[in-house]
**Student:** 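Provided herewith is a single structure, encoded as structure tokens, for subsequent inquiry.
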Amino acid sequence: MTPGSVRPITFSLGVASAATVVTLALGLGLARAMTRRRVRLAGLWETLILLPMVFPPTITGYLLLLLLGRRGPVGSALARVGLQVVFTPTAAVVAAVTVSLPLMYQSCKAALASVDRRLIDAARTLGLDEGRVFRRVTAPLAAPGILGGVALSFARALGEFGATLMIAGNIPGRTQTIPLALYSAVEGNRSAEANAYLAVTVGVSFSVIALVGLADRAAASVRGKGSEPTGRRR
Amino acid sequence: MRPLSKRVALIAVAAAAAMSVSAQKKELTLSAASSLTDALTALKPAAERYIGAELVINFASSGTLRAQIEQGAPVDVFFSAATSHMDTLERAGLVVASTRKDLLSNGMVLIGDGSMKGPIPEGSLAAVLGKARLLAVGNPDSVPAGAYAVEALRALGLYDSVAGKLVLGNNVRQVLQFVESGSSPLGIVFLTDAASVSKDSPVTRLYVFPDSLLAKPVRYPIAVVSASRNQDLAAKLIAFLGSDEARAEFGKAGFAFP
């Protein structure tokens with residue numbers, strides 16, 4: 001591998017990390033809002049969040065391009081204050097967040113729903129405010145599930161191709177991620193380079209998902225030793 | 001959780017702003033068809049010296065690049081692998097018509113798996129095709145290279161004799177693969193595909209189909225994007241890409257010049 005071909009790897013890891021942080025904040029926030037109170041048109045919102053999971057990524061990318069392009073509603077507003085998203089690393093993060101949010105949201109929602117309501121109510125009767133109940137009781141109990149969402153989202157963000165190509169472009173040294181570099185390497189008959197990118201992607205994704213499996217099992221064994229297992233009862 | 005998520009959101013917005021602002025330095029963005037990747041990557045340093053600005057190159061299929069320009073992506077120069085996409089942008093006034101130029105041409109070539117020495121004269125083309133077991137071409141319904149191949153064969157009056165032994169590839173690279181791996185003794189690909197094989201590949205060029213066989217020969221048009229704020233630099237880049245230095249590099253990649 002040439003020194004130039006290491007750049008897509010560091011860039012991709014950066015984009016996937018940034019995207020995962022944003023996705024976690026968004027996914028957890030949305031899941032909490034949807035599980036806590038009755039939201040009007042909840043089904044509609046949820047469908048919108050989940051759509052990128054079933055859309056071909058190119059379609060998601062084209063939609064984002066329509067929104068964020070200089071003629072789009074968001075893009076034109078940003079352009080007025082001198083900001084530009086298309087063809088920047090930010091666009092790569094936006095694409096990765098959009099496609100990984102459904103995974104994060106689903107994981108967080110399932111994790112929050114699995115927390116024993118009685119423990120939450122007990123914390124309330126002991127005088128904790130809602131924020132503290134969430135931070136001290138709900139979130140720690142839901143942590144393994146949330147962590148699973150983090151791992152899935154990171155792996156999905158790392159593999160993102162279609163939407164990224166549309167709004168971040170395929171600009172070597174600036175917005176070229178591992179999947180885009182791999183695609184270019186295959187197209188250009190550079191199989192050694194393509195194989196190296198493949199190995200890195202498999203290695204990173206495999207380790208992230210394996211790590212979460214280990215953490216999950218460790219958490220389960222700790223909980224098993226506690227006084228009472230947290231059930232799925234409502 | 002609230003304060004933490006707020007802090008994260010703030011950091012994300014600040015980072016986004018920083019990244020977007022840093023992209024405002026003196027630079028020129030070229031959106032170029034994927035098939036130009038190797039040649040343009042090699043020419044980038046010389047091009048930057050010539051225009052005196054940083055050159056940012058965005059590679060994708062011509063259709064994707066056209067859609068990006070239509071949606072107002074910050075592109076200064078468009079270098080397309082198909083006239084149709086450039087025509088669409090020109091009709092919409094999104095490229096400056098007076099700056100448009102056909103810089104490169106690509107052609108169709110018959111390649112063999114090495115069992116035969118090339119090139120062969122046009123007179124023996126019918127015999128070579130007749131003897132072959134299979135002929136690999138791109139699926140003419142979806143692959144431009146396949147449509148061109150069928151058109152050239154029809155123009156030579158050879159299509160009916162080979163129609164029964166066509167192997168259809170899903171893209172032109174697959175056609176190359178069929179021949180390189182010996183699965184098909186013959187194939188028809190772009191000149192640039194034939195030029196992309198490694199030195200130890202068995203693939204040989206047997207016959208270059210003349211451009212005159214095609215109703216619309218393969219051209220690579222380039223033009224300045226109307227919305228560009230660097231019209232002069234953009235024109236300078238187009239001039240460089242037509243220079244002898246650039247032509248030598250494009251020639252290495254298998255391109256011809258109209």
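Side chains included, hydrogens not; waters and symmetry mates left out as well; all remaining heavy atoms used. Predicted model, so just to flag it, every value in this text is computed and none were measured. Residue numbers start from 1 in every chain, and the chains themselves are labelled A, B, ... in the order their sequence lines are given, proteins ahead of strands.
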**Student:** For B:Glu48, give me all partners under salt bridge (charged side-chain N to carboxylate O under 4.0 Å, His left out), at least two apart in sequence or on another chain.
**Tutor:** B:Lys44

**Student:** In Å, rounded to the nearest 0.5 Å, how long is the span from OG of B:Ser31 to CG of A:Asn170?
**Tutor:**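 Rounded to the nearest 0.5 Å, the OG-CG separation comes out at 10.0 Å.
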
**Student:** Check the pair B:Asp38 / A:Arg190 against side-chain contact (heavy atoms from CB on, under 4.5 Å), numbers first and verdict last.
**Tutor:** CA-CA 11 Å; B:Asp38 290 346; A:Arg190 300 187 302 272; 3.1 Å; yes

**Student:** Could you look at B:Leu176 and say if it's the side chain, the backbone, both or neither that has a heavy atom under 4.5 Å from chain A?
**Tutor:** side chain

**Student:** Restricting to non-hydrogen atoms, name the atom on B:Ala227 and the atom on A:Arg70 that form the minimum distance, rounded to 0.1 Å.
**Tutor:** CB-NH1, 4.1 Å

**Student:** So which of A:Ala79, A:Pro172, A:Ala18, A:Gly29 has the biggest tally of heavy-atom pairs under 4.5 Å with chain B?
**Tutor:**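 Looking at each of A:Ala79, A:Pro172, A:Ala18, A:Gly29 in turn, A:Pro172 comes out on top.
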
**Student:** Within a radius of less than 6.0 Å around CD of B:Gln177, do more than 12 heavy atoms belonging to other residues, nucleotides or ligands occur?
**Tutor:**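 No, CD of B:Gln177 has 12 or fewer neighbouring heavy atoms, counting only those of other groups under 6.0 Å.
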
**Student:** Checking B:Gln68 side chain against A:Met166 main chain: does a donor-acceptor pair fall under 3.5 Å?
**Tutor:**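 At least one qualifying donor-acceptor pair exists.
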
**Student:** Can you check whether anything in residues 56-64 of chain B gets within less than 4.5 Å of chain A, heavy-atom wise, and list it by number?
**Tutor:**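 Expected list: B:Val56, B:Ile57, B:Asn58, B:Phe59, B:Ala60, B:Thr64.
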
**Student:** Between B:Glu54 and A:Arg174, which heavy-atom pair has the shortest distance, and what is it?
**Tutor:** OE2-NH2, 3.6 Å

**Student:** Is A:Tyr183 atom OH crowded by more than 12 heavy atoms from other residues, nucleotides or ligands, each under 6.0 Å away?
**Tutor:**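 No, OH of A:Tyr183 has 12 or fewer neighbouring heavy atoms, counting only those of other groups under 6.0 Å.
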
**Student:** Who among A:Gly75, A:Gly169, A:Gly61 has the most heavy-atom pairs with chain B under 4.5 Å?
**Tutor:**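 Highest number of heavy-atom pairs under 4.5 Å: A:Gly169.
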
**Student:** Considering non-hydrogen atoms only, spot the tightest contact between A:Val86 and B:Ala73 and give its length.
**Tutor:**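 Minimum heavy-atom separation between A:Val86 and B:Ala73: CG1-CB, 3.7 Å.
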
**Student:** Quick check for you: to the nearest 0.5 Å, what is the distance between B:Gln71 atom CD and A:Leu67 atom CG?
**Tutor:**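 Nearest 0.5 Å value for the CD-CG distance: 10.0 Å.
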
**Student:** Could you tell me whether B:Asp232 atom CG has more than 12 heavy atoms of other residues or ligands within 6.0 Å of it?
**Tutor:** no

**Student:** Sort out for me which of B:Ser198, B:Gly72, B:Ser196 touches chain A most, counting heavy-atom pairs under 4.5 Å.
**Tutor:**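 Max contact count across the listed options: B:Gly72.
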
**Student:** Is A:Arg132 close to chain B through its backbone or its side chain, or both, or neither, when contacts mean heavy atoms under 4.5 Å?
**Tutor:** neither

